[in-house]
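First up is the structure itself, then whatever we jot down about it.
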2 protein chains.
Amino acid sequence: MSQNTGPRRAPTMADVAQVAGVSHQTVSRVLANHPNVRESTRAEVLRAIEQLGYRRNSSARALVTRRTLTLGVVACNPTLFGPSSMLFGLEEAARDEGYMVSAVTLRRYTQKALEEAIDHLSDWGVEGIVVMVPHRQAVSALAQLRLPFPVVTVEGGHSLPIPGVSVDQELGARLVTGHLLAAGHETVWHVAGPPDWLEAEARLDGWRATLEEAGAVVPPPLQGDWTPLSGYRAGQELAGRVATSSARRGTPDVTAVFVANDQMALGVLRAFREAGLSVPGQVAIAGFDDIPEAEFFAPPLTTVRQDFAAVGQASIRLLLSRLESGGAGTADDAERVVIEPRLIVRSSSKPT
Amino acid sequence: MSQNTGPRRAPTMADVAQVAGVSHQTVSRVLANHPNVRESTRAEVLRAIEQLGYRRNSSARALVTRRTLTLGVVACNPTLFGPSSMLFGLEEAARDEGYMVSAVTLRRYTQKALEEAIDHLSDWGVEGIVVMVPHRQAVSALAQLRLPFPVVTVEGGHSLPIPGVSVDQELGARLVTGHLLAAGHETVWHVAGPPDWLEAEARLDGWRATLEEAGAVVPPPLQGDWTPLSGYRAGQELAGRVATSSARRGTPDVTAVFVANDQMALGVLRAFREAGLSVPGQVAIAGFDDIPEAEFFAPPLTTVRQDFAAVGQASIRLLLSRLESGGAGTADDAERVVIEPRLIVRSSSKPT
DNA sequence: AGCGTTATTGTTAGCGTTCACAGAGTGCCC
DNA sequence: GGGCACTCTGTGAACGCTAACAATAACGCT
C-alpha cells in the first residue's frame with residue numbers, strides 16, 4: 001500500500017492516459033467530445049478519469065487555446081438592490097454559457113479607480129468586460145481607452161459608440177410623472193439623483209419633458225444622492241414648502257413628488273410623516289426601482305419596476321455576441337439593448 | 001509604415017526581450033522585481049514593455065507557478081443587503097492581496113446546486129473558496145466533500161471542523177431581547193427566519209435563552225422566510241392576537257416583538273399599521289441587520305447592526321492564512337472568527 | 001488483389017511563463 | 001595572479017494542454 005501521503009500533485013492528462021492505456025491525446029479527445037473515439041476506449045478513459053479524480057488544468061488549456069473563458073465586471077454600488085440584482089442575473093447567464101465571471105467593485109467612481117479595476121481584470125486575462133458604472137464621465141473615459149477586448153456598458157447612455165444595455169429610464173420617469181398628472185395634480189415635484197449619474201439625468205429629463213408637454217409648471221428639482229438620508233433632507237425641505245405655501249396662498253404648491261429612487265422616497269416619507277403631512281392624502285409620492293421593500297413602505301410605494309436580472313442577462317448576451325463576431329474594441333455599429341420599465345401603482349399615489 | 005493592422009497577437013516576453021536587447025529571462029526578472037538587475041537594463045526593459053504595451057500572460061504564469069491567484073465564492077441570496085455587502089468587502093480584501101475573486105450565486109440552496117457551484121469554481125482552478133450559504137445542510141454537505149483546496153465558511157455555524165467567520169447572532173438576539181425586557185415588557189414575541197438557516201436558529205436560540213433566563217414566558221415563535229411579505233403575514237397574526245387577547249383579558253399579551261430581520265420587520269410594521277396598532281405605543285418592535293433603510297422605517301427601527309464588510313474581509317484573511325499554511329481540506333484546529341454585533345436603538349422600541 | 005476512403009490512435013511541436021543552472025564579468029584578498 | 005565571492009545575464013528545460021500531422025487498421029468498391 002504505497003499510498004503516497006505527501007502533497008501529491010493533481011493528476012495530469014498523461015497520468016490518465018497511462019491508466020487507461022492510451023495516449024494523452026486520446027484523453028484530450030474524450031474530454032473534447034470528439035466523435036472519432038471508439039466507444040470502448042472512451043469508456044476506459046472515463047473510468048480512468050473517475051478513478052484518479054482528474055480535472056483538466058484550466059491554465060494549460062487557456063494557454064494553448066488563448067481563451068480564458070472568463071468575463072470581467074466592474075460594478076459601482078454593489079450593495080444596492082439594482083446593481084446586485086444585475087450582477088446576479090449576469091453571473092448566472094455567463095455561467096450558463098460556460099464562462100466564469102470575475103467582479104471588481106468600485107467604492108466610488110473615479111477615473112483612476114475605473115482604470116485600475118479594468119487593469120486588474122486585464123491582468124487576469126478576461127475575454128471581455130461589462131461595465132456597470134453609470135457615471136457620465138465613466139462612459140466617456142471608457143470610450144477613450146482602447147482595450148484589446150470587447151466592452152459592454154450597462155446604463156451607459158446612448159451618446160457614445162459603445163454597445164450597451166439599459167432600461168429606458170426616461171420612459172419610466174414619463175410613466176410616473178404622467179400617472180401623477182393624470183391623478184389631477186397640477187404639477188409634480190422631483191427629487192433627483194446625483195447629477196453625474198446618467199440614470200438620474202434620464203429620469204430628470206423624462207420628468208421635465210412630461211411636465212412641459214402637459215403645459216405644467218416645472219418646479220426646481222431637489223438634489224439627492226440615492227440614500228434615504230438625502231431623501232429625508234429633501235423631504236424636510238418639501239414639507240417646509242407645503243407649510244409656508246399653504247399659509248401664504250391657502251393652497252399648497254407641492255401635492256405630488258416623484259422621487260428618483262425608492263430609497264430616497266423612503267426618506268421623503270419619513271420627513272413628511274414627521275411633518276404631519278399625510279401621504280397620499282396631502283401629497284402623493286412615487287419612487288423608482290421597485291425594491292422588494294417598496295410594497296411595504298408606509299404607505300406602499302408607487303414606483304417603476306426595472307427587470308434588473310434581465311439587464312444582466314442581456315449584457316452577457318451582448319458581450320458574447322461581440323466576442324464571437326471577433327469585434328474587439330472598436331465597434332461603429334454599437335448595438336444597444338433597451339429594456340422597458342413598468343409602472344407599479346400602489347397607495348402612495350392613490351387619491352384617498 | 002508596416003503597421004500590421006491584422007489581429008496581431010499580444011506581445012510576449014520574447015518580444016519585449018528583443019526590443020530591449022536582453023533575454024526573456026531578464027524581462028521576467030524585471031517583472032518579478034528581482035534585485036540583481038542593473039538599473040540601466042531594468043529601465044531599458046521597462047521602456048520596451050511600455051512601448052509594446054506588454055502584459056504578462058496570466059495563464060502561462062499560472063501554469064508554471066501552479067498558482068492562479070483566484071479565489072472562489074459561493075453566495076446564496078446575493079441581492080439581499082447582507083450577502084452583497086459581504087461579497088463587496090470580500091472582493092476588496094482579496095484584490096488588496098493580489099487575488100481575483102470569482103463568484104457563483106445560488107438561486108436556492110440544494111445540495112446539487114452547491115456541488116455544481118463548487119465544481120464550476122474548481123474547473124477554473126481557484127486556490128480556495130469562501131462559502132456563504134448559511135444552511136445547516138450546506139455546511140454538513142461541505143464537510144463531506146474532500147476538496148483539494150481550503151474552504152472557509154461564512155455564518156456556517158460552529159458544529160463542524162471547517163474554518164469560518166460569523167457574526168455572533170445569538171449575542172445579537174440576546175441584546176435585542178434583553179433590551180425589550182428591560183423596557184418593561186413581560187415577554188417578547190419572535191418572528192423567526194426559515195428553520196434551516198443557521199442564522200435564524202441562532203437568533204431563535206438567543207431569544208429563547210434570554211427569556212428563560214429572565215423567567216419570562218416563551219411564546220411560540222412565528223415562522224417567516226426573510227421576505228417582507230412573510231413578515232406581513234406574521235404581523236397580521238400577531239395583530240389578531242393583540243385584538244382578541246385585549247378583548248378577552250383586558251390586557252394584550254403581545255407588547256413586544258423581535259423580528260429576525262429588518263425586511264420582515266417592515267412587513268410586521270405594515271400589518272400593525274393596517275390593524276391600527278401603534279408602534280411603539282402599543283407594541284414595541286425590533287429587527288436584525290440594520291439595513292440602510294431601517295433608520296427610515298415608520299417608525300425608525302431598533303435593530304442589530306452587523307459589520308458585513310468586516311465579515312467579508314475576515315473570511316479572506318482566514319482563507320489566505322489557510323492557503324499559506326498549506327492547509328488543504330483537512331483542518332482539525334478549525335479556526336473560527338467571531339464578530340460582535342451591536343444593538344442600535346431607535347424609536348420602534350422606545351417607550352413613548 | 002489493389003486502391004481510396006474513413007475511423008481510430010499516436011507523435012511531435014508549440015502556447016508564454018518561471019525555475020535551475022551555467023557563464024561572464026568585476027572586485028578583493030592573500 | 002589565482003581563488004573566491006558577488007553581481008548580472010543567458011540557456012535550456014519544464015508546466016499540462018491542444019493542434020496539426022502522421023500512422024495504422026478497417027472497410028468498401030472496382
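First the proteins, then the strands, lettered A, B, ... as listed; each starts at 1. Computed from heavy atoms alone, side chains included, the values below leave out hydrogens, waters and symmetry copies.
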For A:His120, ring pair (Phe, Tyr, Trp, His ring centres under 6.0 Å) partners two or more places apart: A:Trp124
Minimum heavy-atom distance B:Leu63-A:Ser59, with the two atoms named: N-CB, 3.8 Å
Check whether any side-chain heavy atom of A:Ser122 lies under 4.5 Å from a side-chain heavy atom of A:Phe149, and answer yes or no. yes
By nearest-heavy-atom nucleotide on DNA chain D, the more 5' of B:Ala60 and B:His24 is B:His24
Please tell me if A:Ser28 has a side-chain N or O lying less than 4.0 Å from either OP1 or OP2 of D:dT18. yes
Got B:Leu145 and B:Glu115 here, is their nearest side-chain heavy-atom distance under 4.5 Å? yes
Find out whether B:Ser102 and A:Ser102 are in side-chain contact, i.e. whether some heavy atom of one side chain is under 4.5 Å from a heavy atom of the other. yes
Give the rounded distance in Å between these two atoms: CG of A:Asp15 and C1' of D:dG16. 10 Å
To the nearest Å, give me how far apart CE (A:Met13) and P (D:dC15) are. 15 Å
Rounded to the nearest 0.5 Å, the CE atom of A:Met132 sits from the OG1 atom of A:Thr105 at a distance of 10.5 Å
Using a 4.0 Å heavy-atom cut-off across all strands, classify A:Thr41 as base, sugar-phosphate, or nothing. sugar-phosphate
Looking at A:Arg56, does any N or O in its side chain come under 4.0 Å of the phosphate oxygens OP1/OP2 on D:dC17? no
Sorted by number, the residues of residues 42-51 of chain A with heavy-atom contact under 4.0 Å to DNA chain C: none
Any B:Arg38 side-chain nitrogen or oxygen under 4.0 Å from OP1 or OP2 of C:dG25: no
Is the distance from OP1 or OP2 of D:dC8 to the nearest side-chain N or O of B:Asn36 less than 4.0 Å? yes
What's the CZ-P distance between B:Arg67 and C:dT17, to the nearest Å? 19 Å
Interatomic distance, A:Gln25 CD vs D:dC21 C1' [rounded to whole Å]: 11 Å
OP1 or OP2 of D:dG16 sitting under 4.0 Å from any side-chain N/O of B:Arg66? yes
With DNA chain D as reference, determine whether A:Val64 or B:Ser40 sits nearer its 5' end, using the nearest nucleotide of each. B:Ser40
Terminal axis angle for the helix from C:dA1-D:dT30 to C:dC30-D:dG1, five pairs an end, nearest 10 degrees: 60°
Would you mind reading off the distance between B:Arg9 atom CZ and C:dG14 atom P, rounded to a whole angstrom? 12 Å
What is the distance, rounded to the nearest whole Å, between atom NE2 of B:His34 and atom C1' of D:dT7? 9 Å
Atom-pair distance (CG on A:Asn57; P on D:dA14), nearest Å: 18 Å
Evaluate side-chain contact (heavy atoms from CB on, under 4.5 Å) for B:Val337 paired with B:Arg317, printing each intermediate quantity in order. CA-CA 10 Å; B:Val337 176; B:Arg317 270 201 300 276; over 6 Å; no
Less than 4.5 Å apart, any side-chain heavy atom of A:Val22 and any of A:Glu44? no
From B:Leu319 atom CG to B:Thr153 atom OG1, the distance as rounded to the nearest 0.5 Å: 11.0 Å
Report yes if at least one side-chain N or O of A:Ser23 is closer than 4.0 Å to OP1 or OP2 of C:dG10; otherwise report no. yes
With a cut-off of less than 4.0 Å, is there a side-chain N or O of A:Arg61 near OP1 or OP2 of D:dT18? yes
B:Ser59 side chain near C:dT17 phosphate (N/O to OP1/OP2, under 4.0 Å): no
By the 4.0 Å heavy-atom rule, please label B:Arg29 as base, sugar-phosphate, or nothing. base
Going by distance alone, is a donor N or O of one side chain under 3.5 Å from an acceptor N or O of the other, for A:Arg136 and A:Tyr109? no
Rounded to whole Å, CD of B:Gln18 lies from P of C:dG16 at a distance of 14 Å
